[in-house]
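Quick note on labels: first sequence line is chain A, next is B, and so on, each numbered from 1.
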Amino acid sequence: MQTLMIAYAVVWAIIFGYLVVQYMRISRLENEIENLKKAIERKS
Amino acid sequence: MEVGKGKRAGFLRQVFYIVAKDFRAELRTKELFNSMFLFAMLALVIFNFSFAGKMPVRVLSGAMWVSFLFASVLGLNRSFVKEHEKGCIEGLLIAPCERSVIYFGKFLGNLLFIFLVELIALPLISIFFSRSEIFSKPFELAGILVLGSFAISAIGTILSAITVNTRTRELLLPILLFPLILPVLIASVEVTAYIFQPKGSIIQWLRLIGIYDIIFIIVPYLLFDYVVEE
Amino acid sequence: MTPVIEVDRLEKSFGHKKALRGVNLKVFEGEFIVLFGPNGAGKTTLLKSISTLIRPTRGRILFKGKEIDDGSISLRETIGLVSHNTLLYEDLTAFENLLFYARMYGVPNPKQKIEELLHMVGLYHRKDDVVRTFSRGMLQRLTIARAILHDPPVLLLDEPYTGLDVQAMKILDDLLYNLKDGLRTFIMTSHDIQKGFEHATRLAILHSGEIVFDKKKEEISVLEFEEEFWKWVKEKEPVF
Amino acid sequence: MNKKALDIILYGLLLIGMFVSLYLIFQYAPPAINPTNNQTWYEQKIFYVHVSSAWTGFLAFFVVAVASIIFLRNESRIADLVAQTSAEIGIVFTTLTLISGPLWAKSFWGRYWDWSEPRLVTALILWFLYIGYLILRSSVGEDFRRARFAAVFGIIAFLDVPIVFLSVRWYRASHPPLLVFEPGGLDPSMKVAFFFTLFIFTVFYVVLLRNALRIKLLQDELNRLKEVI
């Protein structure tokens with residue numbers, strides 16, 4: 001019973017962890033795009 | 001401007017011309033037919049030695065269908081490779097015919113090759129595996145061979161038209177085809193085993209193959225345009 | 001007068017790449033248009049679109065005022081195409097190849113017609129040989145025979161002179177002169193300025209998916225045109 | 001700002017939902033009794049995650065088929081991206097099904113696999129089909145043709161699924177296994193736990209798809225901007 005519960009928690013944690021990684025990646029990409037847009041504005 | 005304009009051949013005629021062209025080219029080289037046939041027989045020999053002693057009926061019908069399926073993959077792979085070698089597929093695409101004419105032409109050609117291989121393999125199987133039943137029920141056997149091969153060729157033709165455009169070509173076709181064809185394989189093996197040794201009922205299996213054949217001739221027909229057009 | 005072919009704001013993109021960016025072109029009966037342009041300008045894509053091989057991303061192509069769509073199978077009868085590929089089956093003989101296409105197009109009296117054509121392109125003595133054994137020049141001649149098998153009023157030629165020997169070039173020249181009867185319409189791509197200019201009644205330059213130059217042959221001399229051509233090839237070509 | 005708010009709501013819902021579902025499965029729902037030996041059967045709790053992931057995988061492949069049809073109709077890049085990411089997610093959940101299924105089967109049948117169990121075998125075939133789908137995608141060079149080929153295969157593959165299921169079920173009828181488990185009436189509290197877990201898994205799927213889609217679109221945008229510079 002306990003091993004099962006741990007297994008469940010691990011599965012949950014992995015999926016949720018992946019979601020967090022995805023979120024970090026989104027934020028990073030958004031930042032990069034912001035910076036690029038600013039750079040383009042400065043250039044023109 | 002109507003210079004020498006003749007009457008265009010109908011749908012079925014055009015399909016027939018494509019089959020005839022493939023058949024004529026194959027008659028000249030025989031490379032495809034020979035390799036398909038040899039491959040099927042070799043596979044059966046190997047199956048025989050993997051099962052020490054006489055194979056039970058069901059195992060034999062399974063071995064037959066697996067060998068035929070593998071041999072079909074060889075034929076299906078070449079089918080569109082040949083059309084792409086000198087851009088012939090373009091020639092077909094600019095010809096005044098529905099795109100589905102190409103699909104049905106290639107489908108029938110493939111079915112014909114597969115069926116011929118099976119037909120020639122049958123007597124040999126009967127001799128090698130001491131199954132005289134093969135000769136006592138020739139029409140039943142031919143019937144199930146056509147029904148099963150119909151599905152292999154119908155799905156295989158559209159998949160082959162897809163995989164010929166990929167980097168991995170020959171490798172990819174069986175990977176895509178085998179899981180798709182599984183239901184037909186199960187059903188064909190069941191029916192073949194029944195023909196060898198009647199037991200239980202096979203009506204539902206025949207129905208399954210029938211449904212499968214109908215669905216997977218209509219759906220590829222509807223989708224074929226998207227595969228060949230750029 | 002309605003043009004035989006009208007290309008209307010034609011766009012074609014492959015994924016992110018834009019091969020054609022709004023091509024407009026009106027081709028009238030009897031014209032011989034030669035399209036020049038550097039590699040990657042979109043010449044082949046344009047010819048393939050007109051021959052219904054490629055479905056355009058945006059824009060239309062009209063044949064005598066009728067739009068090409070899925071139901072336009074009969075329109076394909078009016079087109080002959082000579083492309084980079086031979087479109088011939090290597091395991092069939094010259095005669096069998098032509099017979100197959102003749103049947104697909106519904107050519108009347110196919111055998112007689114094929115023999116005529118084989119005489120015309122000088123391949124009659126090889127008619128029962130498998131195409132696999134043919135030389136490049138012979139293949140190109142047979143390709144042209146295949147393209148004009150059904151007497152198409154519109155002929156599309158994609159770099160037909162590429163890879164030809166002198167003899168084959170001569171035969172192709174003669175063929176084209178014979179076919180130019182004032183009723184047939186031609187679109188040819190080329191990067192050989194001399195050859196293109198010789199046949200053309202109209203000259204156009206395609207550059208990065210746009211037609212940037214389009215004039216009747218009478219309005220310009222070879223030298224002027226050559227200058228114009230190099231201007232376009234040089235100006236916008238990426239510098240390596 | 002709207003997107004951010006939705007992010008917070010979804011992530012919060014998932015985080016809380018995870019704990020709630022753990023509570024429901026292990027505390028709220030009573031342990032089952034194994035009908036074969038009438039003993040308490042803790043391993044039955046695998047059932048919750050097994051069926052939920054199977055459902056999510058199936059949903060994902062259904063979305064692949066729908067997105068494929070939409071792509072063939074209007075050639076929208078988004079539809080193609082949805083099909084691709086949904087197939088990827090579907091494979092993850094089907095893998096989870098294929099791991100949890102045999103574990104559950106072992107505790108019930110005493111063996112990990114039975115070829116006459118239609119759901120399990122269908123899940124395996126699904127897995128093969130969509131791995132093939134992704135290999136197909138990775139081996140076509142041009143973006144445009146890749147999307148088309150994938151869409152055609154995506155539709156054919158999904159149509160095949162019910163027939164696979166049917167064939168394995170009929171196969172079982174002619175080759176009866178030792179024992180077959182049919183999930184009959186569940187205890188009401190089990191049902192609550194089950195449907196809640198199912199719900200949470202579906203939300204998982206939606207968020208995964210949404211995120212992956214956003215990442216791909218942002219990357220597109222980034223590449224476009226880099227080309228401008």
Could you look at B/Phe178 and say if it's the side chain, the backbone, both or neither that has a heavy atom under 4.5 Å from chain D?
neither

So which atom in B/Trp205 and which in D/Tyr171 form the shortest heavy-atom distance, rounded to 0.1 Å?
CH2-N, 3.4 Å

Which region of B/Ile155, side chain (C-beta onward) or backbone (N, CA, C, O), has a non-hydrogen atom less than 4.5 Å from a non-hydrogen atom of chain D, or is it both or neither?
side chain

Got a second to check how far D/Leu136's CG is from B/Thr168's OG1, nearest 0.5 Å?
8.0 Å

If you apply the rule side chain to side chain contact (heavy atoms under 4.5 Å, CB included), what do you find for D/Val152 with B/Phe224, and how did you get there?
CA-CA 8 Å; D/Val152 167; B/Phe224 193 70; over 6 Å; no

Are there more than 12 heavy atoms of other residues, nucleotides or ligands under 6.0 Å from atom CZ of D/Phe62?
no

Atom group of D/Ile155 that falls short of 4.5 Å from chain B, counting heavy atoms
side chain

Do D/Tyr133 and B/Leu176 have side chains that get closer than 4.5 Å, going by heavy atoms?
no

Counting heavy-atom pairs under 4.5 Å with chain D, which one of B/Ile186, B/Ile158, B/Thr163, B/Val227 comes out on top?
B/Val227

Value for CZ (B/Arg167) from OG (D/Ser138), rounded to nearest 0.5 Å, stands at 6.5 Å

Working to the nearest 0.5 Å, report the span between CD1 of D/Ile163 and CD1 of B/Ile209.
11.5 Å

Atom CD of residue position B/Gln197 - does it have more than 12 heavy atoms of other residues, nucleotides or ligands inside 6.0 Å?
no

Crowding at NZ, B/Lys86 (>12 non-hydrogen neighbours, <6.0 Å):
no

Interchain contact, B/Leu223 with chain D, by part (heavy-atom threshold 4.5 Å):
both

Are side-chain heavy atoms of B/Leu208 and D/Ser167 found at a separation under 4.5 Å?
yes

Taking atom CD1 as the centre, does D/Ile78 end up with more than 12 heavy-atom neighbours from other residues, nucleotides or ligands that are less than 6.0 angstrom away?
no

Under 3.5 Å: donor-acceptor pair, side chain of D/Arg145, backbone of B/Thr166
no

Between B/Ile175 and D/Gly132, which heavy-atom pair has the shortest distance, and what is it?
CG2-CA, 4.1 Å

Within a radius of less than 6.0 Å around CZ of B/Phe135, do more than 12 heavy atoms belonging to other residues, nucleotides or ligands occur?
yes

Tell me, side chain or backbone of B/Ile162 under 4.5 Å from chain D's heavy atoms, or both, or neither?
both

Top contributor to chain B interface from D/Val161, D/Leu159, D/Ile135 [non-hydrogen pairs under 4.5 Å]
D/Leu159

Neighbour count above 12 (heavy atom, 6.0 Å) for D/Phe58 CZ
no

Who among D/Ile125, D/Leu72, D/Ile131, D/Leu126 has the most heavy-atom pairs with chain B under 4.5 Å?
D/Leu72

Could you tell me which portion of B/Val219 (side chain, backbone, both or neither) has an atom closer than 4.5 angstrom to a non-hydrogen atom of chain D?
side chain

Less than 4.5 Å to any heavy atom of chain D: does that hold for the side chain of B/Leu180, its backbone, both, or neither?
both

What closest approach, in Å, do B/Tyr226 and D/Arg148 show between heavy atoms, and which atom pair accounts for it?
O-CD, 3.2 Å

With a cut-off of 6.0 Å (strictly less than), are more than 12 heavy atoms of other residues, nucleotides or ligands near CZ of B/Phe129?
yes

Identify the two heavy atoms, one from B/Pro179 and one from D/Asp160, that lie closest to each other, and give their separation to 0.1 Å.
O-OD2, 3.4 Å

For B/Tyr221, I'd like to know if atom OH has over 12 heavy atoms of other residues, nucleotides or ligands within 6.0 Å.
no

Side chain, backbone, both or neither: which part of B/Leu182 has a non-hydrogen atom closer than 4.5 Å to chain D?
side chain

Under the criterion side chain to side chain contact (heavy atoms under 4.5 Å, CB included), I'd like the reasoning laid out for D/Leu166 against B/Ile211: C-alpha separation, chi angles, the key distance, then a yes or no.
CA-CA 12 Å; D/Leu166 211 63; B/Ile211 293 168; 5.8 Å; no

Structural part of B/Val228 lying under 4.5 Å from a heavy atom of chain D:
backbone

Counting heavy-atom pairs under 4.5 angstrom with chain B, the leader among D/Val140, D/Val164, D/Leu124 is D/Val164

